[in-house]
Each structure stands twice: as structure tokens, then as C-alpha cells.
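Everything below concerns the one structure shown next.
For the numbers below, each heavy atom of this structure counts, side chains included, while hydrogens, waters and symmetry mates do not. Everything numeric here is computed off the predicted structure, so don't read it as measured data. Numbered from 1 within each chain, the chains take letters A, B, ... in sequence-line order.
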Amino acid sequence: MFRLIVQRQLHWEPRPEKGSGGDEVHPVYGVGLMKATLFLKKLRGRFAAAEVAAILDGTRISSRVRIDTEPTRRARIRALLGALAKTPRKAFLLIAFYRRTRSKGAGTGRALIWQGGVLALLIFSLLAVLPVRAEARHPLRMIGPEDVGGAWAEVIRRFHAAHPDIRIDYVSGPWSTDERQNMYIRSFLAGDAYELVYMDVVWTAKFASRGWLLPLDEWVADEVRSALFPRDVEAGFYQGRFYRVPVRTDVGMLYYRKDLMPQPPRTWEELEAACDQSANPPERYCIVFQGMQYEGLVCNYLEYLWGAGGSPLGPEQNVLLDRDENIAALAFMKQVLDRGWAPRSVITFQEQQALEFFEQGKALMMRNWPYAWTVLQRSPLEGKVGIVPFIHQTGREPAGTLGGWGLGIARTAQYPEAAKKFIEFAVSPEAQKILHFRRGAVPARKSLFQDEEILKASPHYKDLYEVLLTSRTRPIHPEYPRISAILQKHVSAVLVGIESPQEAALQMNQAIEGVLKGKSYSWPRRLFSDPDLKKTLKNTLVFTGLSVPFEFLLGLFFALWVNLPFRGRSLMRLSVLVPWALPTAVMAMVWQWMFNNPFGVINDLLVRVGVLQNPLDWLSTPEGAMFAAVFADVWKTTPFVAIILLSGLQSIPQELRESLSIDGGGNVVIFYHLVLPLLMPFIRVALIFRVIHAAGIFDLIWVLTKGGPADTTRTLSLYIYDLAFRYDEVGYALFLTSLFLISLILISLLIIRSAALRYERV
Amino acid sequence: MKKTLFYCVIASIFLYCLFPFFWAIQTALKPAGEVFRLPVSYFPETISLENVKDVFAKRPFGRYVLNSLITAGGATILTIAGASVLAFRLRALGLRRAMRIQRWFLVGAILPPALLVIPVFMVMKQLSLVNNYLALILAYTALNLPFAVWMLHAAFRQLPRELDEAALMDGFSPSAILCRIILPLSRPSLAVTAVLVFIFCWNEFILALSLMPSQSKYTVPVGIALLSGASVYEIPWGEINAAVALTTVPVILVIAALQRWIIEGLTAGAVKG
């Protein structure tokens, strides 16, 4: 097989040859030759013209062209070759041809394109139309967490039985409430809203202020409302109009081991006494709660704040966070950690971890929600647990954060009457009892707390009723997500130890005041005075600055080793490809699992080997989280760098290496003086790709840490995403995006320019 | 001695690359009790498929795979089609002009999609294409065209212009030249580009997250990242690892079959003009 490459075509003028065995030689640039389009190789005299002709004989080159065996043609070929042989050496003709070129008959390709186009049009119109129709089969959709126990399924089933013309679709969403809120927000923004809005208590103000919810004043009767807990109903109002009907309620409270402490502490001072007396870290801590940076942290924190007599917002929506009460609350929370009453790992706890910890008997007390009771009754702690309202400062009132879920209707819902019927059914005693017995949901309907069935199965509901009366709502404000984010960040910073209570209180106050005042900044001015942006840029720089060099070092190492010939080399190449080929988001979940404490393999390995004494909470410390992110990124992108450098290495001719080593150069010398300079163009290319991708990274960090503890791994693209999709500041987000894109383009152009000179030479 | 050291290093590279994958599979095969048990076991004591069953039982995972296939496949077809035409025209331009234009393609090829989500989302919303396969297909096509054009241009440029002239003489129209001569001759490069584009679309996360907010339209990476738990507060690590294993094993099989081409493609696109 010949396969050769054309470089330049020679403009030649053949001359008729004399005396080649009597054959007549025609000028070789006739139509015949053009059709033949012979591609001849400059074979350095290895093959005689006749041999080439013999090889070409019978070859089909295109649909209409076949070199046949007529002597005259052969003679022509010979003549061409002869003519070419006389041409100057500089002008050479390298020709490619392919044997067995397939072609399905003559004709234009236009028909093919038309057919392809029509087919594509059909497919795409199908795709465009079908999904819309599919959705129409489910008129009322709601998102909720995994329906364990089939509570909602049963409620919906009974509703379907009573109302055969209405269909409800319960979409199972992620367990994280923040994520489900994002799903709702995305669906509102997309204009394809979920009709039934199954809302957390704090979502009402935001959704209502954006006009996404239907006011339910006329839709839901007063009698229905008065049967529910007043605080809960109150939380469903925004600016005087009613938007959310509570379906299940929730309140934060203190669980304690009845068998280990007969009298639970009710005040902070009593807690101190109890902890100093009975706690015995690390076998048994005094108290656990939710200390991770998420919405649950705000719930915990507010219970301390209210317990100190403070409040985040005053009656005129003025911010009260610079007062002493707040400082006292933050200081007390910090003390709980510093004095060892709670384990430091509390900073990584959400509800599940705190519950497991308490369940395993490692703590005397726990702050959690009512659902935990049901779980505990099925565990070894059955019968040993009691509940009381959460602790407060002496002389103040106890308070529990109101939680719970309710239903609203999207303004764009097509069948609001149907939705209203479902909501009324959901708060009916029948449905409430289903939700209670199958799911452990705390009913929103007051009367059920005197219900015999319920009291028999859950006698603690008497205590729960008392606790529910102490419930208080978080600030009702459309900017609540932003407020919550600020509170989360600074409370987390206090717990982690980055900020002191005083600093945090001041920062909180300032930041929230800024949020409440509204967006008065113009973007350029905001660019320079945005502290979040500064932190974000720093995180991005740190991340890029750490991961890119490591990628290159490791990539070069891999490339050098895989370049060496050995058996199993293709298996090695395959394994090097694997990290690059797998979806980043998917592998980030695996990394999250591997960095888990205590079940993660990384902790396990390091402890076994002896590098670590105790397992670390990687993803809950700023350094650990950044390390994990960098590690995972280096793991993923090393193959890409390795492959590019490998191709570079393979393009270095072996003779050069040998000559250098003969001249007395050791491996290091060869590497430094020969390999590296020749690799430079490849390094440059890989550098462009990697720096830009590392700077704009999203998938890995979002899935792994969501921005990390206290926003310490939040990079620029995460910030932009949050601005646009969570805080609804699309203008500012786009502004930042444009700046970022322009700078990336400039950087890449600069790097390309220097490399472009290389291209011109080709 | 040197040989053992050599093979040690090779083995550690091997381990480094494949360990997370192995860990995911290993966790997926453990029953739930063993997953959350200390001390950590490095090989499942009892192999159980309950996690795999749960993955499919609790959510429409098969649907996710189908969505991924549709969007990635559609985008690949569209990208290759568009890029072939573009590369064909670039090839006809001559090297200098083509290179000048292609430099801008390079810029387009390296832009991280995370920065383009918001504008793309807004455009798709205007077109009422949100939650529609077309949104993702079009977006992926747009994102991948620069890279595909780059690669196909390099491949097409290897074929001599004389082919075109000969074909023109034969009576081929330009579109026929593209379809019947150039494309069949550059099948390897087409395949490589298609594979790379497909992999990129399959792995893409943020656009799929933003443009397909409804659960029935999730692609596989989005579905896994948003995996819900058995109760409100629980993270189902066993199921998550099972889903990961289900997704990654086919990908690994595919790249095992195509590794030579993939490497060729990555390097060719990156280095040669």
C-alpha cells in the first residue's frame, strides 16, 4: 500500500518521448490524464516506472476513474513518469492515492444533503414537540424529598380516588432543601413552573416578592387557616397577602438522655453545669447540633440569639445584629465548641450526622427536629430520650426555630382550582394523619395533638405541643436567602475560628444592612467594593495556582514513564485516559465519598499508614476542602496534560537522544537541554487549556463542596452562578462574566500569538 | 533491580488513575450496612446488588441515560455535520487565511461553559426551549463547533487539492466532493472527533443542570449529583456509588476500544495547526 503526501504541485511540461518501443506517446496533460489524476511518489529511484505502472494498474481511484490496462495508457503513465524524472529535484511531486476507494456510483452529493436535511428537520421537530406533550399529561407537579414510607404516594392515591379528573405528580428531588429551592427557582425562571410549590417556611417571601406565587386569600377559607398553628400560618403571609398553607410543621428542640440526666438543662448556665459535670469527651460529649454551613446552621444560631433576648430584625425591618445579645449568642456557641461540650466535627454535621452521633450514645444531648424522635424509638435508645424546648439565657424565653413545609400555587399554574382542592385535602385530618403515621411528619393541624390515635403512638406529642408554642419564624424578607447566606457564613466563621464573635456580629450587621437597603451600587463601583468578589478571586487564584503546576509536574512524570517501551503499555495508556474521560460531576461525588469522615478511604489509609493520628474532616475545614478540590482536579486533568506531553515526547527523534548521550550527557542533561526545549510548544498549548479551564472551573467544586465551608472554596464561576440563580442579580452576574471572558480571551490570544509564529512556518 | 523499580512506578501510576473508580465499584457492591460500617472494608464482604436495584427503583435512571444519549448523540451529529462544512470551506481558503480565522476558533474552544450558562439560559428561555432536548443539543453544538472545526480542518488539509480538481473534472459538485470524497477519506478523523465531542457532551454538567430543570429530563451527571436520599436527611452513598459505577463502566469500555484514536485526536487537535 502506498500512502503519500502531496506537498506542492509541479507545473510541468511534458515532452513527447522518442522511441519507447514504438508506442505512440501522447501529451500527458490531456483530459485523460486529468481524469486519471495519477499520484506518483518520488520513490528515489527505487521503483522503475514500469513497476509503478503495474501497481497502479487496475486501481480504482474515484467513481469514474480506473486505470485500465490498455497499453497506450500504460505508455502514457510511463511517459509521465519519465517526464517527471527529468524535472529539477527541487520541484517534486508527492502524490497520495488510496487503494480500494469506495464510491456508490456517480452523482452529486446534493441529494444526500437534502435527504439529510429533511431527516434532521423531522427529528428535531419531533424532539421539539414531543416533550411538551409529555408534560401535559401531568397537570400538577410538586417537588419533594424522597417519599420514604410512601406517605405522599398514599395521600395522592386517595386524592386521585376522590378526584379522578385531577392528576398529581410527586417529583422526587434531592434531600438538600437548598437544592430543591434551586430547582423551584430554576423552573420559575425557565417559565415552566411546577404548579404546586412545596415550600419551606423561608421561601415564601422570596417567591412571593418575585410574583411567582398565587395569593391564596380567596382560595383558602378562613376555617382552614384557623385550624392550623398560628405561627405557621403567619409565616405564610407576605406584605399582607397569604401565599402558603402549612402542611407539616417543625420546630427545633433539645433532645436529652432521660436515663443519664434526670433534669435536662433549660438555661445556658444549666448547660454549662451539666456539661462540666456529666460530659466525658471524647467518649461522650455533652451536646451535638448542626454546625455545617447551611440553612440548618441559621436555625441553630437563631435559637441561641432568641434565647439571649435578641432578634435579627426589628419591627421596622432594622437590623439588630450589632447588639450585645448577638455577640453573647455567638460567644456562647463558640464556647460550646471551645470548651469541648460539642465535638469539633459538629462543623460538618447536618441533621443526619448529629442524629447518628446521638444515636450511638456519643452525646448526652442533641438539638434536632421532631423527626429524630421516630428514628430514635427504633434504635437502642428507645425509651431513654426526652424532649424539652431549647435552652435560653436565664431570664429570657426559650425559642425554637419554626420549620415545616407548606403548599402554595404557582401563579402560572393552569388549573389553580384543582391545585386548591389538593391543598385542602393535604391539610385535612385524614391526609395529615397519613403523613404523620407514614412519615413522622408533625401535623400542622392543631386538633390532631389531642387525637387519641396519635397520642397513643406518640405520647411525647404532649411535650411537643409545648415546644411548638415556643416556635418563632426566621426573618420574613424576600432577600432571606441572601440574609441566610450572610448569617451562615459568619456563624460558620465563628465556629471554625476564623472570626471573633465581635467581628462576626459587626460584619453580619453591615452586610445585612447592605442587603436590605437594596442594590444601590452601580456595577463598576460594586466591583471594587464587593468583599465577596475579592474572596472569590483569591480562591480562584489559589486553586489555579495550586492545581496547574501539580498537573504539569505529574503529567510530565506520567508522560516520561509511559513513553518508555514496555509490555502492557497500551493498558497503561488506557488507565491514564480514564480520569479524563469520566464525567467530572460524577467523579466529584466519588471524591466526596472518599474524603468522607469517618467512612472515607482517604482518612482510613492515612490513619493506617500513620500519617494521621485521627481522621480529618477534610471537607469542613477551609484548607482541607481546598486541598480536596485541588487533589481531585489534579487527578482528573493529569491525563490530559500527560497525553499532550507524550505526543511531544514521541516527536523527538531517537537519534538526537542517542547522539547527546554519546557525547557524554547523562539523563538529566538530555532532559534539560534537549527534551524540555523541544517540548515547549506542547507545554504552551497544554498551559492555555489548563489555566483557562482551572480558572473557570465549576462542576468539580459545586458537587464536591458547593463553595466550601464559609465560602472558602467558592471560585468565580460558582459566585456568578449563585448571583444569577440564587440571588437574582443577573445584571451583576453578567457584568462579571463579561469581564472574566474578556480577560480570558486576551490571555489566550497573547499566548497564541507567541505560538502562532510556529504555525506560519507550516 | 531497576526493572522492579520501574514496574513499581508503573503500578503506582496505574493505581493512581484507577483507584477512585475501583473504590466506587467496590462501595456499590456492598450492602447498605457494610457501607456505613467502621472499620472501612476494602473489598465487600458480601456482594449485594441492592444498591444497583435501588438506583433504578427510586428514580428514572434509565430515563437519565436516555436523555444523555439523545442530547449527546444529537449534538455530536449536528456538530460533525456543521464542522465538516466549515472545515471544508476553510481548507479551500489557503493556509494563511485559514489560520487567521482558526485562531479565533481556538479562543472559542477553550472557553469554559460555566461562564456561558447565564447568557445561554436567557437565550433558551426567550426561545421557549427550556426543558427541551433541543436546548441542550444546540448549546452543545455551539460549544463544540470550534474544537470540531479545528480537528476536521487539520484532517481535511491532509488531503490534496488535486482531489478536488479531479473530482470537479468528473462533474462532482462541491457538496458531492465533501460528501463522497473528503468525508469517506477522513473517516478516522471524523470518528475521533465524534468520539471526543460525544464524551464532552456526555460529561457536561452545568448547562444540563440549568437548561433542564425538570427531573424527567436530567442527564446522567445531573441525575447523579442530585441523587436524593432515603429520608430527608440521609445521603445514600451506596446508591450514589452504584450510579457512578453504572455510568463509568460503559465509558471505560468505550475508551478502551478507542484509546488509540482518542489519543491521536487529542494530540492532533492540540498541536498541529
Side-chain angles (χ1 to χ4, degrees), chain A residues 6 34 37 64 108-110 112-113 127-128 131 145-146 148 171-175 183 186-187 190 192 351-352 558 561 573-579 581-583 585-586 589-590 593 598 601 604 643-644 647 685 689 692-693 696 698-699 703 717 724 733-734 737 740-741 745 748 752 759 762, chain B residues 9 13-14 17-18 20 23-24 36 38 40 59 99 103 106-107 110 112 114-115 118 125 130-134 160 162 166 169-170 173 175-176 179-180 199 203 205-206 213 215 221 224-226 228-234 237 240 244 247-248 251-252 255-256 259 263 266-267 270-271 273:
Chain A
V6 176
M34 295 283 261
T37 314
R64 301 238 186 107
T108 66
R110 213 169 283 151
L112 189 69
I113 291 190
L127 285 176
E146 187 83 34
V148 77
V171 175
S172 243
W175 58 277
M183 285 173 71
R186 282 199 290 267
S187 76
D192 179 27
E351 286 78 0
Q352 181 202 0
F558 283 15
W561 283 88
R573 267 200 321 214
L574 169 64
S575 66
V576 169
L577 260 187
V578 163
L582 299 176
V586 168
M589 293 294 271
V590 179
W593 172 237
V601 62
D604 194 64
I643 289 172
I644 294 192
S647 77
V685 168
F689 274 99
I692 291 183
H693 264 273
F698 182 87
D699 306 10
V703 178
S717 17
L734 284 174
T737 313
F740 198 20
L741 279 177
I745 293 179
S748 53
I752 295 172
Y759 289 144
V762 173
Chain B
V9 173
I13 295 182
F14 196 72
C17 291
L18 292 181
W23 190 254
F36 289 106
L38 291 173
V40 178
R59 61 197 59 80
M99 281 309 164
R103 229 173 285 160
L106 171 58
V107 170
I110 52 186
L115 294 180
I118 308 169
K125 188 168 162 204
V130 183
N131 255 342
N132 195 321
Y133 292 118
L134 261 186
E162 287 72 28
M169 285 295 145
D170 265 351
S173 68
S175 48
C179 294
R180 298 198 181 277
I199 290 181
N203 295 354
F205 179 72
I206 183 173
Q215 195 206 26
I224 293 183
L226 296 181
S228 62
S231 81
V232 185
Y233 301 112
E234 213 176 275
W237 283 115
I240 293 177
V244 169
T247 325
T248 53
V251 173
I252 291 189
I255 63 171
Q259 54 158 304
I263 294 184
L266 278 181
T267 55
V271 178

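Taking chain A as the reference chain and counting heavy-atom pairs below 4.5 Å, the highest number among Pro221(B), Ala114(B), Pro112(B) is found for Pro112(B). The candidate with the highest count of non-hydrogen atom pairs below 4.5 Å against chain B, out of Val601(A), Val576(A), Val590(A), Val586(A), is Val601(A). Contact tally against chain B (heavy-atom pairs below 4.5 Å) for Phe558(A), Phe698(A), Trp593(A): the top residue is Trp593(A).
The parts of Ile206(B) that come within reach of chain A are both its backbone and its side chain, each placing non-hydrogen atoms under 4.5 angstrom from that chain. Contacts between Ile199(B) and chain A at a heavy-atom distance below 4.5 Å involve the side chain alone, from C-beta outward. With a 4.5 Å cut-off on non-hydrogen atoms, Val244(B) touches chain A through its backbone and its side chain both.
Closest non-hydrogen pair, Ile118(B) versus Ala733(A), comes out as CD1-CB, 3.7 Å. Contact detail for Ala581(A) and Asn203(B): the closest heavy-atom pair is O-ND2, 2.9 Å. Residues Ile224(B) and Met589(A) share a closest heavy-atom pair of O-CE, 3.5 Å.
Ile252(B) has its side chain within reach of Leu582(A): a pair of non-hydrogen atoms, C-beta onward, lies under 4.5 Å apart. At least one side-chain heavy atom of Leu18(B) sits less than 4.5 Å from a side-chain heavy atom of Ser575(A).
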